[in-house]
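The structure appears right after this line, and notes come after that.
In this chain, residues are counted from 1 in sequence order.
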Amino acid sequence: MGRKPDSNRLGDIIERLIDTYKLRGKYDESYIISQWELLVGTAIANRTTQLYFSDHKLFIQVNSSPLRNELLLAKSKFIEMLNKELGHKVVYDIIFI
């Protein structure tokens, strides 16, 4: 027994539900936090101790001053990389603490 040609994939249905109930923003923010090490690499992930979002701003606690300075210099590229991963603008600013 095969699938009906008009049947929907579960992933597509979940995506539509997320959009219908206006959960896309929170879902995308949670995705960034849960996939942090894969997105930025182990070296950066090991030196960040806390991540959270507030009003489209990503707050990142960095426990290395040299790394914090490097990230500040590359902040716009960092924002662009995260938004590109999601396919739309989620991160408007990054605050390094």
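- Side-chain contact between Glu85 and Leu39 is present, with heavy atoms from C-beta onward closer than 4.5 Å.
- Shortest non-hydrogen contact noted between Arg68 and Val62 is NH2-O, 2.5 Å.
- Salt-bridge check for Lys57 with Asp93: failed, with every basic side-chain N at 4.0 Å or more from each acidic carboxylate O.
- No side-chain heavy atom of His56 sits under 4.5 Å from any side-chain heavy atom of Lys89.
- By the rule that hydrophobic residues join a cluster once side-chain heavy atoms approach within less than 4.5 Å of another member, Leu10 and Tyr27 end up as members of one cluster.
- The shortest side-chain heavy-atom distance between Ile33 and Phe53 falls under the 4.5 Å cut-off.
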Point to revise | Glu80 and Lys77: CA distance, side-chain angles, deciding distance, salt bridge (charged side-chain N to carboxylate O under 4.0 Å, His left out) verdict | key: CA-CA 5 Å; Glu80 183 181 327; Lys77 288 183 181 183; over 6 Å; no
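- Side-chain atoms of Tyr52 and Gln61 form no donor-acceptor pair, as typed in the model, at a separation below 3.5 Å.
- By the rule that hydrophobic residues join a cluster once side-chain heavy atoms approach within less than 4.5 Å of another member, Met81 and Ile95 end up as members of separate clusters.
- The residue from Ile13, Asp28, Leu23 that alone fulfils the side-chain contact (heavy atoms from CB on, under 4.5 Å) condition with Ile18 is Leu23.
- By the 6.0 Å contact criterion, NZ on Lys75 is enclosed, its count of non-hydrogen atoms from other residues, nucleotides or ligands being greater than 12.
- You'll find the side chain of Val91 reaches within 4.5 Å of the side chain of Ile32, heavy atoms only.
- For the pair Val90 and Glu29, the tightest heavy-atom approach, listed with the atom from each and the gap, is CG1-CG, 4.2 Å.
- Results of the side-chain contact (heavy atoms from CB on, under 4.5 Å) test with Leu71 over Val40, Ile60, Ile94, Ile44 single out Ile44 as the only residue that passes.
- Atom OG1 of Thr42 is separated from atom CH2 of Trp36 by 12.5 Å, given to the nearest 0.5 angstrom.
- Taking each heavy atom of Phe59 and Ser54 in turn, the nearest pair found is CE1-CB, 3.8 Å.
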Point to revise | Residues Asn63, Thr48; criterion side chain to side chain contact (heavy atoms under 4.5 Å, CB included); working and verdict | key: CA-CA 6 Å; Asn63 63 9; Thr48 53; over 6 Å; no
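- Across all non-hydrogen atoms, the minimal contact from Arg47 to Ser64 is CD-CB, 4.1 Å.
- For the atom pair OH (Tyr92) and CG (Leu58), the distance works out to 14.0 Å, reported to the nearest 0.5 Å.
- Ring geometry for Phe78 against Phe96 counts as tilted: the plane angle lies between 30° and 60°, on a 0 to 90° scale.
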